[in-house]
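Computed from a predicted structure; not experimentally measured. Letters A, B, ... are given to chains in the order of the sequence lines, protein chains preceding strands, and every chain is numbered from 1.
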2 protein chains.
Amino acid sequence: MSKNNLHLLKIIVMTLSKAEENYLKAIFKIAEKENKSVSTNAIARHLNTTAASVTDMLRKLSEKELITYEKYKGVSLSTSGNKMATNLIRRHRLWEVFLVNKLRFAWHQVHDIAEELEHIYSEELIARLDAFLDYPKFDPHGDPIPNAEGKFTIRNQTALAELFAGQNGIVLGVKDSRDDFLKYLTDMHIKLGSAIKIQKITHFDKSMHITIDERTEAVISHQVAMNLLVRIQ
Amino acid sequence: MSKNNLHLLKIIVMTLSKAEENYLKAIFKIAEKENKSVSTNAIARHLNTTAASVTDMLRKLSEKELITYEKYKGVSLSTSGNKMATNLIRRHRLWEVFLVNKLRFAWHQVHDIAEELEHIYSEELIARLDAFLDYPKFDPHGDPIPNAEGKFTIRNQTALAELFAGQNGIVLGVKDSRDDFLKYLTDMHIKLGSAIKIQKITHFDKSMHITIDERTEAVISHQVAMNLLVRIQ
DNA sequence: GTCTGAATTTAGGCATGTCTAAAAACAATT
DNA sequence: AATTGTTTTTAGACATGCCTAAATTCAGAC
């Protein structure tokens, strides 16, 4: 076997530690929002650690050619790093679907558990889980689940706040998936698939008077409406 | 809060590392077979590590009062250590049921994946998984799954080798759950619940001529018969 | 009871992933 | 272009969990 082939083998066989995986995921997520190379500080903030620790890890990930890193210039994922991060997101979201659809967890309870489950590495496990869940394209928060090749499904979705009085929307997901927001939605009986009809918008504060699933009347703030994603009917 | 209560709290809240959990499980399993205090070397063999590493860990587990340990005298699990180990076995076996019954993995594929899954700590996850699987009492190898209180279900099971010609047995599990044995059984179409009828026993080598599920005829060695557990019909 | 070989522990090291404190580099303003 | 404040990196430490090699303890044969 030539030296080149050995190099290839190394990449294929490489398995990452939980910490390394979490860094890749963090870089992916930050890069997704801010459209530029990712700063050391941003990663430290995201992972609740120090800039010094981040620098250490960046050196390591760079050696493994998972990121492109130049001192003081921020990082971006390499092709293989991107693949790894996408795969992690796939695993995370599939487990979330499992926890909600099969184990009947509530929206807001699943993130931390999925965070653990995603680090279990087995191609076959994920393939079988995917099949068991019937190849879901979106997770319980409405975020797209990349397929085995890393392709995300895209769909039209609009913040509820964009709609006018009289319009209808079907809830597809949320922009903010923090616990308290998800709990608030659950309390309001708003869930994935709920039909929202805008009855009236108060111009003063842009709060909306809505009907949920043709049953419940409610008033929601502009902030809530901005974080609810719907398909316009 | 008194000092005593704080002590109690510490025990309740304590979470263990993967390594610590694996040691507890190893001690439990070795103690189950050999009916005496567990030796350092036995643990090292079981975990594929060195005696020196084991000693280090025993000191640590002893400080946490999960084991009873005196230098040079072997170890045994304390009450709380036993509880932890039992709970781990519960998690492991529940995940194995999930992998086989829901994800349709084969018998021999599930051990390593369950080995990872068992370390995810969430009371609620396991409670919900248990319910989702319909509170199974035995895992895919026929080993009993302790309930949330740590109680194992006991049932009558006999090695197939104990039966006489003409007797019938229902396969309940295996004594040896190593890959190649499980694969062999799969190839022979022997699975949990299979009905085995003993047609004839060759005295010379105690091999058995059997009928499997009233369909397949086969000859199995004494060694195989000793590792197949059945309920006599 | 002493000896000898096996079992166990101690001592010292190493990799990983974290930290704090200090130094270096950068960028933005004057 | 110098200064200042922020960002990033380096240096040095620490905990965990593992290792090898050496010392110690034990247990069984004599």
Side-chain angles (χ1 to χ4, degrees), chain A residues 10 13-27 30-31 33-34 36-76 81 84-85 88 115-116 118-119 121, chain B residues 10 13-27 30-31 33-34 36-76 81 84-85 88 115-116 118-119 121:
Chain A
K10 189 191 74 183
V13 157
M14 180 167 47
T15 59
L16 303 181
S17 71
K18 210 159 142 176
E20 289 171 321
E21 290 193 331
N22 284 334
Y23 273 90
L24 290 182
K25 212 171 46 142
I27 296 167
I30 298 165
K33 280 185 207 170
E34 307 165 29
K36 52 180 180 207
S37 84
V38 174
S39 77
T40 302
N41 260 354
I43 298 170
R45 259 194 309 279
H46 195 276
L47 292 178
N48 234 309
T49 181
T50 63
S53 305
V54 174
T55 300
D56 281 353
M57 184 59 96
L58 293 185
R59 211 183 13 73
K60 239 178 83 183
L61 293 174
S62 184
E63 260 161 40
K64 296 190 178 183
E65 296 181 51
L66 294 164
I67 60 175
T68 305
Y69 171 53
E70 255 186 292
K71 280 208 275 187
Y72 296 105
K73 300 213 171 153
V75 288
S76 58
M84 296 251 183
L88 265 167
E115 201 78 3
E116 298 295 317
E118 74 189 11
H119 294 294
Y121 180 72
Chain B
K10 189 190 74 185
V13 155
M14 180 167 47
T15 60
L16 303 182
S17 71
K18 211 160 143 174
E20 290 169 321
E21 290 193 331
N22 285 335
Y23 273 89
L24 290 182
K25 213 171 44 141
I27 296 167
I30 297 165
K33 282 185 206 170
E34 307 165 28
K36 53 181 180 199
S37 85
V38 174
S39 78
T40 302
N41 260 355
I43 298 170
R45 259 194 310 280
H46 195 276
L47 291 178
N48 233 308
T49 181
T50 62
S53 305
V54 175
T55 300
D56 280 354
M57 185 58 96
L58 293 185
R59 213 184 12 73
K60 240 178 83 182
L61 293 174
S62 183
E63 260 162 39
K64 296 190 177 183
E65 295 181 52
L66 293 164
I67 60 175
T68 306
Y69 172 52
E70 255 186 292
K71 280 208 273 185
Y72 296 104
K73 301 213 172 153
V75 287
S76 58
M84 296 251 183
L88 266 167
E115 202 77 2
E116 297 295 317
E118 74 189 11
H119 295 294
Y121 180 72

Taking side chain to side chain donor-acceptor pair (under 3.5 Å) as the definition, give me every residue that meets it alongside B/Thr50, ordered by chain and number, with sequence neighbours left out.
B/Ser53
Would you mind reading off the distance between [X] atom [atom1] and [N] atom [atom2], rounded to a whole angstrom?
X: B/Lys64; N: D/dA15; atom1: NZ; atom2: C1'; result: 11 Å
X: A/Leu61; N: D/dT9; atom1: CG; atom2: C1'; result: 16 Å
X: B/Arg59; N: C/dT9; atom1: CZ; atom2: P; result: 11 Å
X: B/Leu58; N: C/dA7; atom1: CG; atom2: C1'; result: 13 Å
X: B/Lys18; N: D/dC18; atom1: NZ; atom2: P; result: 11 Å
X: B/Glu21; N: D/dT16; atom1: CD; atom2: P; result: 16 Å
X: A/Glu70; N: C/dC26; atom1: CD; atom2: P; result: 10 Å
X: B/Asp56; N: C/dT8; atom1: CG; atom2: C1'; result: 12 Å

Can you list the residues that meet the side chain to side chain contact (heavy atoms under 4.5 Å, CB included) rule with [X], with sequence neighbours excluded?
X: A/Asp56; answer: A/Arg59
X: B/Glu70; answer: B/Lys73
X: B/Ala26; answer: B/His46, B/Leu47
X: A/Ser39; answer: A/Asn41, A/Ala42

Protein-nucleotides 25-29 of chain D N/O pairs closer than 3.5 Å?
{"unit_1": "D/dT25", "atom_1": "O4'", "unit_2": "B/Tyr72", "atom_2": "OH", "d": "3.4"}

As a test of reading the structure: which of C/dC19, D/dC18, C/dT18 is closest to the side chain of A/Ala19, going by heavy atoms?
C/dT18
Any side-chain heavy atom of A/Ile43 sitting closer than 4.5 Å to one from A/Thr49?
no
Looking at side-chain heavy atoms only, is the closest gap between A/Ile67 and A/Val38 below 4.5 Å?
no
[N] phosphate, OP1 or OP2: any side-chain N/O from [X] under 4.0 angstrom?
X: B/Thr40; N: C/dT9; value: yes
X: B/Tyr69; N: C/dT9; value: yes
X: A/Asn41; N: D/dT6; value: no
X: A/Ser53; N: C/dC19; value: yes

Not counting sequence neighbours, list each pair that qualifies as a salt bridge (charged side-chain N to carboxylate O under 4.0 Å, His left out) and has a residue in residues 18-27 of chain B.
B/Lys18-B/Glu116, B/Glu20-B/Lys60, B/Glu20-B/Lys64, B/Glu21-B/Arg91, B/Lys25-B/Glu115, B/Lys25-B/Glu118
Contacts to DNA chain C from residues 44-51 of chain A, heavy-atom cutoff under 4.0 Å, which residues?
A/Thr49, A/Thr50
Give me the atom names and distance for the closest heavy-atom approach of A/Ala44 to A/Ala51.
CB-N, 3.8 Å
